[in-house]
Amino acid sequence: QVQLVESGGGLVQAGGSLRLSCVVSGGIRRIDTMAWYRQTPGKQRELVATITSAGTTNYADTVKGRFAISRDSAKNTAYLQMNSLKPEDTARYYCNAKLTPMWSVLMSDYWGQGTQVTVSS
């Protein structure tokens with residue numbers, strides 16, 4: 001069974017920093033793109049950042065220059081370094097991985113349970 005577990009969320013003052021981690025475990029054949037999304041109550045989940053297996057990154061305009069996504073393929077882990085945090089960054093952050101499990105040849109989307117980030121003004 002494949003699991004994605006996020007950590008690193010918490011309460012921080014505006015202007016502060018947090019680093020989120022996402023560890024993928026279980027029977028994994030291959031991990032392709034990993035991504036971070038965020039969601040606030042009553043709103044749709046929005047894409048924050050993506051990173052391909054080759055290391056190519058992409059960011060939402062709202063976080064460009066402040067957030068940085070990275071990954072350690074040897075550890076099946078993705079990170080999101082969040083700097084200069086703003087109150088509007090408050091959300092639950094979810095990790096997503098497009099991966100192929102050991103028991104399949106098909107790539108599918110897997111999600112973690114999320115970690116809460118709260119930025120106070």
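Worth saying up front: this structure is predicted, and the values here are computed from it rather than measured. Scope of the values below: all heavy atoms of this structure, side chains included, with no hydrogens, waters or symmetry mates.
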Would you say [X] and [Y] make side-chain contact, with heavy atoms under 4.5 Å?
| X | Y | result |
| --- | --- | --- |
| Y110 | N96 | no |
| M82 | L20 | yes |
| K86 | T62 | no |
| Q116 | T90 | yes |
| I51 | T56 | no |

**OP:** Mind checking side-chain hydrogen bond (donor to acceptor under 3.5 Å, both in side chains) for K64 and listing every partner two or more places apart, or none if nothing turns up?
**Re:**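 K64: side-chain hydrogen bond (donor to acceptor under 3.5 Å, both in side chains) contacts with D61.
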**OP:** Would you list the pairs meeting disulfide bond (SG atoms under 2.5 Å apart) in which at least one residue belongs to residues 28-68, sequence neighbours left out?
**Re:**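 Residue pairs with at least one partner in residues 28-68: there are none.
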**OP:** Can you run down the disulfide bond (SG atoms under 2.5 Å apart) pairs that involve residues 6-98, sequence neighbours left out, and say none if there aren't any?
**Re:**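 For residues 6-98: C22-C95.
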Original post:
Apart from L11 itself, what residues make up its hydrophobic cluster, given side-chain heavy atom links below 4.5 Å?
Top reply: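 Taking Ile, Leu, Val, Met, Phe, Trp and Tyr as members, L11 stands alone, with no cluster partners.
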**OP:** Considering only Ile, Leu, Val, Met, Phe, Trp and Tyr, and joining two whenever side-chain heavy atoms are under 4.5 Å apart, list the other residues clustered with W111.
**Re:**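 Listed partners: Y37, L47, Y94.
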Subject >> Set of residues satisfying salt bridge (Lys or Arg N to Asp or Glu O under 4.0 Å) with respect to R66, sequence neighbours excluded >> reply: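 For R66, the residues satisfying salt bridge (Lys or Arg N to Asp or Glu O under 4.0 Å) (neighbours in sequence not counted) are D89.
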Original post:
Quick one: salt bridge (Lys or Arg N to Asp or Glu O under 4.0 Å) partners of R92, sequence neighbours excluded?
Top reply: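 So R92 forms no salt bridge (Lys or Arg N to Asp or Glu O under 4.0 Å) with any residue.
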Without placing hydrogens or testing angles, list every side-chain donor-acceptor pair under 3.5 Å for residues 97-107, not counting sequence neighbours.
residue	atom	partner	partner atom	Å
K98	NZ	D109	OD1	2.9
K98	NZ	D109	OD2	3.3
S104	OG	L106	N	2.8

Subject >> Verdict with reasoning, V24 to I31, per side-chain contact (heavy atoms from CB on, under 4.5 Å) >> reply: CA-CA 9 Å; V24 184; I31 301 174; 4.0 Å; yes
Original post:
Does anything in residues 57-86 pair up under ring-ring contact (aromatic ring centres under 6.0 Å, His included), and if so which pairs, sequence neighbours excluded?
Top reply: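 For residues 57-86, and leaving out neighbouring residues, there are no ring-ring contact (aromatic ring centres under 6.0 Å, His included) pairs at all.
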Taking all non-hydrogen atoms of both residues into account, name the closest pair between [X] and [Y] and its distance.
| X | Y | answer |
| --- | --- | --- |
| A14 | S121 | CB-CA, 4.4 Å |
| A35 | I69 | CA-CD1, 4.3 Å |
| D32 | R71 | O-NH1, 2.7 Å |

Original post:
For V12, what residues pass the side chain to side chain contact (heavy atoms under 4.5 Å, CB included) criterion, not counting sequence neighbours?
Top reply: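 Here the qualifying residues are L18, L85, V119.
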**OP:** Provide the full list of side chain to side chain donor-acceptor pair (under 3.5 Å) pairs with a residue in residues 5-22, sequence neighbours left out, each pair given once.
**Re:**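 The answer is S17-N83.
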Original post:
Got a sec, which pairs hit side chain to side chain donor-acceptor pair (under 3.5 Å) with one end in residues 43-54, sequence neighbours left out?
Top reply: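 Checked against side chain to side chain donor-acceptor pair (under 3.5 Å) - neighbours excluded - the pairs reaching residues 43-54 are R38-E46, Q39-R45.
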**OP:** Verify the cluster assignment for V48 and V23: are they in a single hydrophobic cluster under the rule of side-chain heavy atoms below 4.5 Å apart?
**Re:**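 The answer is no; the residues belong to distinct hydrophobic clusters.
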